[in-house]
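To start, the structure under review is shown below, and the notes come after it.
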Amino acid sequence: MKVMKTIIEKIDKHHIDIQIMEKAGEILKKGGLVAFPTETVYGLGANALDEEAAKKTYAAKGRPSDNPLIVHIADVEALDAIAKHVSEKARRVIEKFWPGPLTLIFEKTDLVPFGTTGGLQTVAVRMPVDEIALALIRAGGGYVSAPSANTSGRPSPTTAAHVADDLDGKIEMILDGGSVDIGVESSILDMTVDPPMILRPGAITKEMLEEVIGEVAVDKTLLSDTSGEAPKAPGMKYRHYAPKAQLMIVEGDTVEAVKAIKQIAYEQTRLGYRVGIIATNETADFYTNGVVKNIGTRNNENSIAKNLYKVLREFDDEEVSYIYSEAFAEEGIGNAIMNRLDKAAGHHTIQAKDITRLQKYRRVLFVSNSDNCRGPMAAEILRHQSLLQEYQIGSRGMVVLFPEPANQKAEAIMRSHQMTLEDHEARALEESDLDDETLVLTFEEPQKWKIISEYQHVKNVYTLSEYIEDERTIYSAHGQPLVVYGENFELLRELLGKLADKLNEEAKRK
Ligand code: AMP
Ligand code: MG
């Protein structure tokens, strides 16, 4: 395709520059292409009544020409010239939701070329709410076809910079109106059938529509990908919205999903892959491996919709090989989010439980008397072992009165082996440390029995020697000369090597 100079103009929604809009309108009237913001995503505008302009649109996007375009109008009165049989129900949804993120399908009039409708007898129409969009539609003659302004198959653009990334040099102009409000494409409702049918979920939900017109159906290909039927909106059949890396959705309750993603990210990172994680405000801090992106808050899924495509695009620049995403509630806009995410993932989902059940322990705690010598040494040495699974490794004491630092001789020995305990502060063992997922290892028998007799519901408490089936015991070096600390270190390193082997055996047995 011939490279052209793309003009980029900043537009302030509140003070729209008439001259720029006139210039943009002229480009459309002459059959050119202008990208512009709408409340959903950025659209690639062309004159909807011009067959040749439609061809240019498909070429610029690299979009299959059987995938019809949505015609955008600026006034409800413009509808009757392009749509036939606009029912009373349709009038009611228009009254309620236009201007807004709702596209309606009608039988088309002869005014609309087949180039715009991908050969269909029907036409998709929407009236956006965005002031810049409305001004451009009016300036361009009243009927502007506008698919999302991205290269076909890539995530839809939610900023002018995204548009430029994909279409610079391929279109005449980009109107930069900042970032969009909603972030996912409009809901599509087919008004040629009764009951009307949702062909693509968006910000206007089934529940909202049913309040106005009663029963609304949902294209069943949206509900499962197993029906084998083609979706009724031709565009919904393409792998769409997709980042370059393989995306996988991890389903299940949030706590379980975080554990599963942590587990996968640890293992993949260990194998040398760069991994991306789609997390939320509520979960982002839990991840210890991978490139973590916070997509928004679970308290307001609108924030997630708004960031979805931006985050998917950002991962393209991070050059990750895999992206793992938490799943979101399929209510309200959550439906639209999960629909887009599922398509971006090519329907690759896994159940969090199927991953998490493969890891028995997530935490290893070494328990000594005062948590200032053997315990912290053991924890730090284990952290330096090569482990197949991720463990939170720590130490606790049976009698800890204040958070004292590690013993100085222990620190001297650790330093001579390029390790340090300088961040250590002694901590007392608490009942909450004894959960299902924690392996508690004491150094001596009496410590083990003290824990078992002192707390209820004690699980997974062993002496280190017992757990690794080695009769040697590591005694406290307290008050002994430095060499004894050195001997303890050597023995600890040997026994912890065996512990690592045992944990790794368990990981492989999955
Ligand atoms: P986009 O332009 O990227 O928002 O995509 C437009 C969507 O609307 C695609 O999924 C199209 O298949 C769908 N669409 C447009 N016109 C029609 C129509 N006449 N019947 C059914 N779906 C349509
Ligand atoms: Mg699109």
Side-chain angles (χ1 to χ4, degrees), residues 33 35-46 48 53-54 56-58 60-73 79 82-86 90 100-109 111-128 130 133 143-158 162-163 166-167 180 182-193 196-204 217-219 221-222 229-242 308-309 312-313 336 339-340 343-344:
L33 306 180
F36 63 100
T38 80
E39 69 274 27
T40 58
V41 300
Y42 270 73
L44 178 56
K56 282 192 203 163
T57 305
Y58 289 112
K61 277 178 66 69
R63 175 166 174 155
S65 57
D66 66 343
N67 188 357
L69 310 174
I70 296 172
V71 180
H72 290 66
I73 58 176
L79 177 64
I82 56 172
K84 284 198 263 190
H85 311 305
V86 177
L102 176 67
T103 295
L104 301 174
I105 309 280
F106 299 106
E107 218 176 291
K108 79 173 194 70
T109 67
L111 192 60
V112 187
F114 284 110
T116 297
T117 67
L120 297 176
Q121 290 293 347
T122 53
V123 60
V125 191
R126 174 165 108 85
M127 180 169 158
D130 187 283
Y143 298 96
V144 173
S145 61
S148 50
N150 53 311
T151 299
S152 192
R154 289 208 70 200
S156 294
T158 54
H162 294 163
V163 179
D166 285 9
L167 300 179
V180 301
I182 298 174
V184 292
E185 301 84 347
S186 58
S187 309
I188 300 180
L189 184 66
D190 185 354
M191 297 306 304
T192 68
V193 292
M197 184 183 279
I198 294 175
L199 309 187
R200 176 170 79 183
I204 306 295
V218 176
D219 181 358
T221 67
L222 294 179
E229 275 175 54
K232 300 215 162 35
M236 296 297 276
K237 69 175 178 261
Y238 298 105
R239 178 163 185 239
H240 218 178
Y241 320 115
L308 175 65
Y309 290 134
L312 292 179
R313 276 181 181 259
N339 167 264
R340 306 307 194 275
K343 283 164 68 65

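Computation of the quantities below employed the complete heavy-atom set of this structure, encompassing side-chain atoms and omitting hydrogens, waters and symmetry-equivalent molecules. For ligands, and for the atoms within them, numbers begin at 1 and follow the listed sequence.
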Taking only non-hydrogen atoms of N67 and a 4.0 Å limit, the atoms of ligand 1 in range are 9 (C), 11 (C), 12 (O)
Ligand 1 atoms nearer than 4.0 angstrom to some heavy atom of A124 are 15 (C), 16 (N), 17 (C)
Q.
Is it the case that the side chain of T158 and the backbone of G183 share a donor-acceptor pair, with hydrogens and angles ignored and the cut-off at 3.5 Å?
A. no
field: Note: D190-K232 ion pair, threshold 4.0 Å (strictly below)
entry: no
- prompt: Does S148, backbone or side chain, put an N or O under 3.5 Å from an N or O of ligand 1?
  reply: yes
task = Would you check, one step at a time, whether the test side chain to side chain donor-acceptor pair (under 3.5 Å) holds for E185 with S156?
result = CA-CA 8 Å; E185 301 84 347; S156 294; 2.5 Å; yes
Notebook entry, point to check: Could an N or O of ligand 1 be found under 3.5 Å from any N or O of E185, whether backbone or side chain?
Noted result: no
Counting from 1 in the order shown, the ligand 1 atoms closer than 4.0 Å to a non-hydrogen atom of L120 are 18 (C), 19 (N), 20 (N)
Ligand 1 to I188, heavy atom cutoff 4.0 Å, flagged ligand atoms 7 (C), 8 (O), 13 (C)
P68 heavy atoms within 4.0 Å reach ligand 1 at atoms 6 (C), 11 (C), 12 (O), 14 (N), 15 (C), 16 (N), 17 (C), 23 (C)
Near P147 (heavy-atom distance under 4.0 Å), the atoms of ligand 1 are 1 (P), 2 (O)
S152 N/O/S atom closer than 2.8 Å to the Mg ion (ligand 2) = no
ask   = Between T116 (side chain) and A48 (backbone), is there a donor-acceptor pair under 3.5 Å?
value = yes
Value for CG (L222) from CD1 (I198), rounded to nearest 0.5 Å, stands at 8.5 Å
Note to self: I'd like to know if R63 contacts ligand 1, where contact means a heavy-atom distance under 4.0 Å to any ligand atom.
What the structure shows: yes
Any heavy atom of T117 under 4.0 Å from ligand 1? The part involved is neither
Going by the 4.0 angstrom heavy-atom rule, the piece of T122 near ligand 1 is both
d(M127 CE, H72 NE2) to nearest 0.5 Å is 11.5 Å
Q. Do any N/O atoms on K232 end up under 3.5 angstrom from N/O atoms on ligand 1?
A. no
Side chain to side chain donor-acceptor pair (under 3.5 Å) with K61: of T151, N67, N150, D166, only one passes, and it is N150
When rounded to the nearest 0.5 Å, the distance separating OG1 of T103 from CZ of R200 is 6.0 Å
At under 4.0 Å between heavy atoms, what of I70 touches ligand 1? The answer is side chain
field: Charged N-O contact under 4.0 Å between R126 and E39
entry: yes
